[in-house]
Chemist: 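Mind having a look at this structure? Questions to follow.
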Amino acid sequence: MLRKRIESEIVETVNKLWGDEVFQANLKSFKVEIPDERFGEFSTNIAMILSKPLKTKPIEIAKKIVEKIKTGELFENVEIAGPGFINFKLKKNVYTELLKNILNTGERYGRKEPNGMKVQIEFVSANPTGPLTVGHGRQAVIGDVLSKVFKEEGFEVTKEYYFNDAGRQMDLLAQSLWVRYNQFFGKKLDIPEDGYHGDYLVELAKEIAGKFKADYVGKWNDEIKEIFKEMAKDAMFKLIKSTLERLKVQFDIFFNEKSLLEDGTVNEVIEILKSKGLLYEKDGALWFKVSEFVDEDDKVLIRSSGIPTYFMTDIAYHYNKFKRKFDRVYDIWGADHHGHISRMKAAMKALGIPDDFFNVILHQFVTLKKEGKEVKMSTRKGEFVTLDELMDSVGVDATRYFFAMIDPNTHMIFDMDLAVSKSNENPVYYVQYAYARIKSLFRKAREKGIEYRKGENLDLLCDIDQEKLLVRDLDLFDETLEDTLRDLAPNKITNYVEKLVSRFHNYYTDNIILDTDNRDLSNARLNLCKGLETILSKVFDILGISKPEKM
RNA sequence: GCCCCCAUAGUUCAACGGAUAGAACGGCGGAUUCCUAAUCCGCAAAUGGAGGUUCGAUUCCUCCUGGGGGCACCA
């Protein structure tokens, strides 16, 4: 990475001038940045940082550094500006070498060697009680994109979907479905207040009525409940999986909460906690001493009815993850699960699991705006827009791009009407158009009889700033992925690619790429386009959007 | 009451503590004898309020105001 090379040049220079101690003491806020274009290609704040320890004006420090550093392989021009920034322009061959590297490495460019770390990302994890909503969509895209970045950065990644197909919610679903089935045959029955009111059960009830006729009308017992539950579950999972497939999100493992009870993990966890004296009984229930670890009230693990709480099974689930030898796990949760985090951390500590094992990526909610009104979404009340409906309206690419482009920490307002009416002006098309343009250039080159020769004529590039900056931005791909993992924020990638593509569109407008009177230059520029195509292709794969040959 | 996230242009979003706060959509005005105008160029338009830390704050800290979400033997 160019930035790192510049950093080490500066470090070396500072060490020569003032010794290692000065630098080490002030390392923290030292930076090489990408400045506004009018200042150059790179810049550093080193002189400002050293001003205090050296008791010298930043300008004076900058002067000394510039004097010393000027004779390098790297820099074409180094100058001081503003309050003491040092701005750099690099020699053109630095850029052409970099481009050559990208061209030679191709699809593998930027991919890190395996680092031996096993990471698990758990997301969506919706119980099979209804169709996936746009909220799940946000989570699915965040999880999927981050998984790909982890892989690219050398981690071994497992994508997991955790679900519960037992318990009260499923009972309510079964009952709600049964009521819809009865209603189909004209019975006057109401869905329980806290049952599932969505239309999707009406459809399913119709199918069931076709299959079983009126066999279960007016009859309700545990056996029938199980039958309806099973049918509901199968239908919902089928629906959920088809939605995920359409969104191009695949999971490695679907993990059933029930298995934790069946394979004894829950009991094992209880035994461990008991042996450490962290459990006690009260009011017929079994409590965990959360308060020993964090400033919170103790919580019930086993209800007085003997049934474990969600907290209990979730602890067991994470204990199970730990036993599966993941180095780190990331749970992607909606903002409503926030309160659960510190309790879980307490439990991890109690089980002796290292602090950095359990990580949560919390994302804020998606509010939908439809016909000018905000729609409060609730799966149970049947008031929601499904992920499928969203994809119907704006397409898969735009759906994925839209969810990826917003910081998970930000509450997201999704204006459906706008998304539909403006679908042709979505940023995803802006980005994809650049890719299509490049593809078109190569087609056109063949038509015009301009031969593309990989890696040749590169010395004709980078005499203009646009080309230097384009290559510099290609180089930023690497650190964009690092930033994405550091902040666990996929929107770093969309920001990056939009800037990159914008630069290309400008370049394309201002310069003729294919010129039959200047075939060598044309070939040089085709090489630049090829480099861009390589990076765009990687970015699109990570974002999971398509790569159109033409638009 | 306590805890978490957020507050930036008319709208939806950006901005590792850096220089004149960027885009997109919307508004106004331009560019096509030439590789795709789903593009490009120009104009108008924003950091909720008060303090603090810093050479330098949209960013960090405190308080206030306003949104969202939590504070179960629900998940």
Side-chain angles (χ1 to χ4, degrees), chain A residues 29 31-36 38-39 43 45 48-49 51-52 57-58 81-85 87 125 127 129 164 167-169 194 257 282-287 295-297 299-305 307-314 334-342 362-365 367 369 402 405-415 418-419 421-422 424-434 436-437 439-445 447-448 450 479 482-483 486-487 491-492 494-495 498-499 502 504-506 508-516 522 525 529 548 550-551:
Chain A
S29 41
K31 278 178 295 192
V32 170
E33 313 188 271
I34 306 298
D36 188 290
R38 62 186 182 278
F39 298 124
S43 97
N45 61 350
M48 272 104 97
I49 308 272
S51 172
K52 207 171 217 177
K57 282 186 184 151
F85 289 103
N87 297 324
S125 295
N127 290 336
T129 56
N164 175 10
R168 191 177 124 77
Q169 294 311 318
D194 50 358
E257 179 183 323
K282 195 178 88 178
D283 305 329
L286 189 64
W287 296 69
D295 186 21
E296 268 195 60
D297 295 338
K299 290 275 169 225
V300 169
L301 293 187
I302 308 289
R303 300 182 182 95
S304 50
S305 64
I307 295 169
T309 59
Y310 162 75
F311 183 37
M312 174 70 249
T313 43
D314 215 22
D336 54 337
H337 280 60
H338 153 257
H340 194 55
I341 298 174
S342 56
L362 213 62
H363 69 89
Q364 300 300 309
F365 282 175
T367 307
K369 234 162 116 184
F402 211 105
M405 72 187 274
I406 288 161
D407 185 333
N409 276 324
T410 307
H411 181 104
M412 177 175 177
I413 296 170
F414 203 124
D415 189 330
L418 196 73
S421 67
K422 301 290 183 255
N424 283 338
E425 277 127 45
N426 195 294
V428 73
Y429 295 101
Y430 182 76
V431 172
Q432 287 176 321
Y433 186 52
R437 263 189 161 168
K439 286 294 185 187
S440 163
L441 280 170
F442 278 92
R443 282 193 299 269
K444 205 75 183 182
E447 265 173 46
K448 289 190 170 191
I450 295 175
E479 59 189 73
E482 287 175 9
D483 291 350
R486 182 197 61 214
D487 298 341
N491 59 314
K492 300 279 173 196
T494 55
N495 286 344
E498 278 171 44
K499 275 186 195 138
S502 161
F504 173 70
H505 282 314
N506 273 288
Y508 181 92
T509 306
D510 294 346
N511 300 280
I512 305 292
I513 312 292
L514 302 174
D515 181 357
T516 42
S522 297
R525 290 184 166 167
C529 290
K550 55 174 79 162
M551 286 172 77

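In the text below, chain A, chain B and the rest are named by the order of the sequence lines, each starting its count at 1.
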Chemist: What nucleotide among B:G18, B:A72, B:U20 has an atom nearest to a side-chain atom of A:I49?
Modeler: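 Looking only at side-chain atoms, A:I49 lies closest to B:G18.
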
Chemist: Where the side chain of A:M551 is concerned, which of B:U39, B:A38, B:A19 is the nearest nucleotide?
Modeler: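 Comparing B:U39, B:A38, B:A19 against the side chain of A:M551, the answer is B:A38.
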
Chemist: How close do A:N491 and A:P408 get, counting heavy atoms only, and between which atoms?
Modeler: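 That closest heavy-atom pairing would be OD1-CD, 4.2 Å.
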
Chemist: Between A:T313 and A:E257, do the side chains contain a donor N or O and an acceptor N or O under 3.5 Å apart?
Modeler: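 Yes, A:T313 and A:E257 have a side-chain donor paired with an acceptor closer than 3.5 Å.
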
Chemist: Restricting to ring pair (Phe, Tyr, Trp, His ring centres under 6.0 Å), what partner residues turn up for A:F365, sequence neighbours left out?
Modeler: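 A:F365 satisfies ring pair (Phe, Tyr, Trp, His ring centres under 6.0 Å) with no residue once adjacent residues are dropped.
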
Chemist: Please enumerate all residues that pass ring pair (Phe, Tyr, Trp, His ring centres under 6.0 Å) together with A:H340, with sequence neighbours excluded.
Modeler: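 A:H340 satisfies ring pair (Phe, Tyr, Trp, His ring centres under 6.0 Å) with A:Y310, A:F311, A:W333 once adjacent residues are dropped.
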
Chemist: Quick one: salt bridge (charged side-chain N to carboxylate O under 4.0 Å, His left out) partners of A:D36, sequence neighbours excluded?
Modeler: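 Partners of A:D36 under the salt bridge (charged side-chain N to carboxylate O under 4.0 Å, His left out) test: A:R38.
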
Chemist: Nearest to the side chain of A:M405 - B:C13, B:A75, B:C35?
Modeler: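 The closest nucleotide is B:C13.
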
Chemist: Regarding B:A19, can its base be found pairing with the side chain of A:N45 as donor and acceptor, where the two atoms are less than 3.5 Å apart?
Modeler: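 Flag unset: no donor-acceptor pair detected.
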
Chemist: Of all residues at least two apart in sequence or in a different chain, which pass the salt bridge (charged side-chain N to carboxylate O under 4.0 Å, His left out) check with A:K52?
Modeler: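 A:K52 satisfies salt bridge (charged side-chain N to carboxylate O under 4.0 Å, His left out) with no other residue.
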
Chemist: Report the nucleotide, chosen from B:C73, B:A19, B:A75, that has the shortest atom-to-atom distance to any side-chain atom of A:S43.
Modeler: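 Closest of the options to the side chain of A:S43: B:A19.
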
Chemist: B:C35 P sits how many Å from A:Y433 OH, rounded?
Modeler: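 After rounding, the gap between these two atoms is 11 Å.
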
Chemist: If you check every side-chain atom of A:H337, which of B:C35, B:A75, B:A19 has the closest atom?
Modeler: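 Among B:C35, B:A75, B:A19, the one nearest the side chain of A:H337 is B:A75.
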
Chemist: Map every base of RNA chain B to its dot-bracket character, where paired means a Watson-Crick or G-U wobble contact with both distances under 3.5 Å and | marks a partner outside the strand.
Modeler: (((((((..((((....[...)))).(((((.......)))))....(((((..]....))))))))))))....

Chemist: Taking only residues two or more places apart in sequence or in another chain, which ones pass salt bridge (charged side-chain N to carboxylate O under 4.0 Å, His left out) with A:D407?
Modeler: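 None.
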
Chemist: Once you round it to whole Å, what is the distance between C1' of B:A37 and NE2 of A:H505?
Modeler: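 So the NE2-C1' distance, A:H505 to B:A37, works out to 11 Å.
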
Chemist: From B:A23, B:C35, B:A15, pick the nucleotide closest to the side chain of A:Y508?
Modeler: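 Output: B:C35.
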
Chemist: For A:A335 and for A:V300, find the nucleotide of RNA chain B with the closest heavy atom, then tell me which residue's nucleotide is more 5'.
Modeler: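 So the residue in question is A:A335.
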
Chemist: Among the candidates B:G18, B:A37, B:U12, find the nucleotide nearest to the side-chain atoms of A:F85.
Modeler: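 Looking only at side-chain atoms, A:F85 lies closest to B:G18.
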
Chemist: My understanding is that only residues two or more places apart in sequence, or in another chain, count here; which of them pass ring pair (Phe, Tyr, Trp, His ring centres under 6.0 Å) with A:F85?
Modeler: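 Expected list: none.
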
Chemist: Tell me whether the side-chain N/O atoms of A:R437 come closer than 4.0 Å to OP1 or OP2 in B:A37.
Modeler: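 For A:R437, the contact criterion (side-chain N or O under 4.0 Å from OP1 or OP2 of B:A37) is met.
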
Chemist: Scan nucleotides 1-4 of chain B against the protein and return all N/O pairs shorter than 3.5 Å with their distances rounded to 0.1 Å.
Modeler:
from: B:C4; atom 1: O4'; to: A:H338; atom 2: NE2; distance (Å): 2.8

Chemist: Is A:S304 side chain donor-acceptor paired with the B:C73 base, going by distance under 3.5 Å alone?
Modeler: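 When only heavy-atom distances are counted, A:S304 does reach the base of B:C73 through a donor-acceptor pair under 3.5 Å.
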
Chemist: List the residues meeting ring pair (Phe, Tyr, Trp, His ring centres under 6.0 Å) with A:F39, not counting sequence neighbours, and say none if there are none.
Modeler: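 With neighbours one apart ignored, the set is empty.
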
Chemist: Are there any protein N/O atoms within less than 3.5 Å of an N/O atom in nucleotides 57-62 of chain B, and if so, which ones and at what distance?
Modeler:
none

Chemist: Which comes earlier along RNA chain B counting from the 5' end, the contact point of A:R486 or that of A:N127, where each point is its nearest nucleotide?
Modeler: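 Nearer the 5' end of the strand: A:R486.
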
Chemist: How about A:D295: does its CG atom have over 12 heavy atoms from other parts shown lying under 6.0 Å from it?
Modeler: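 For A:D295, atom CG is not crowded (no more than 12 foreign heavy atoms under 6.0 Å).
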
Chemist: Who passes salt bridge (charged side-chain N to carboxylate O under 4.0 Å, His left out) against A:K299, sequence neighbours left out?
Modeler: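 Salt bridge (charged side-chain N to carboxylate O under 4.0 Å, His left out) check on A:K299 returns nothing, list empty.
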
Chemist: Report the distance from atom CZ of A:F402 to atom P of B:U12, rounded to the nearest whole Å.
Modeler: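 Atom-to-atom, A:F402 to B:U12, this comes out as 10 Å.
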
Chemist: In whole angstrom, give the distance that lies between atom CG of A:N491 and atom C1' of B:U12.
Modeler: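 These atoms are roughly 14 Å apart.
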
Chemist: So, using side-chain contact (heavy atoms from CB on, under 4.5 Å) as the criterion, who are the partners of A:K439 when residues are at least two apart?
Modeler: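 Testing A:K439 for side-chain contact (heavy atoms from CB on, under 4.5 Å), a comparison that skips the adjacent residues, returns A:Y435, A:R443, A:E533, A:E549.
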
Chemist: In whole angstrom, give the distance that lies between atom CD1 of A:I341 and atom P of B:G69.
Modeler: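 My rounded result for the distance is 17 Å.
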
Chemist: If you check the A:L441 side chain, which of B:C35, B:C40, B:G69 turns out closest?
Modeler: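 Taking heavy atoms from C-beta onward, the closest nucleotide is B:C35.
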
Chemist: Is the distance from OP1 or OP2 of B:A14 to the nearest side-chain N or O of A:T410 less than 4.0 Å?
Modeler: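 Checking A:T410 against B:A14: at least one side-chain N or O falls below 4.0 Å of OP1 or OP2.
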
Chemist: Quick one: A:E498 CD to B:G22 P, roughly how many Å, whole number?
Modeler: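 To the nearest whole Å, that distance equals 16 Å.
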
Chemist: State which of B:G70, B:A75, B:U36 makes the closest approach to the side chain of A:H340.
Modeler: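 Nearest to the side chain of A:H340 among the choices is B:A75.
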
Chemist: A:Y430 side chain N/O closer than 4.0 Å to the phosphate oxygens (OP1, OP2) of B:C40?
Modeler: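 So the side-chain polar atoms of A:Y430 do come within 4.0 Å of the phosphate oxygens OP1 or OP2 of B:C40, strictly under.
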
Chemist: Within the pair A:S440 and B:U36, is there a side-chain N or O less than 4.0 Å away from OP1 or OP2?
Modeler: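 For B:U36, OP1 or OP2 has a side-chain N or O of A:S440 closer than 4.0 Å.
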
Chemist: Rounded to the Å, how far apart are A:L301 CG and B:A75 P?
Modeler: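 So the two atoms are 12 Å apart, to the nearest Å.
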
Chemist: How many whole angstroms separate atom OH of A:Y310 from atom C1' of B:A75?
Modeler: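 The distance from OH of A:Y310 to C1' of B:A75 comes to 6 Å, rounded to the nearest Å.
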
Chemist: Of all the choices, B:G70, B:U20, B:C13, which nucleotide is nearest to the side chain of A:D336 once you look at every atom?
Modeler: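 Among B:G70, B:U20, B:C13, the one nearest the side chain of A:D336 is B:G70.
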
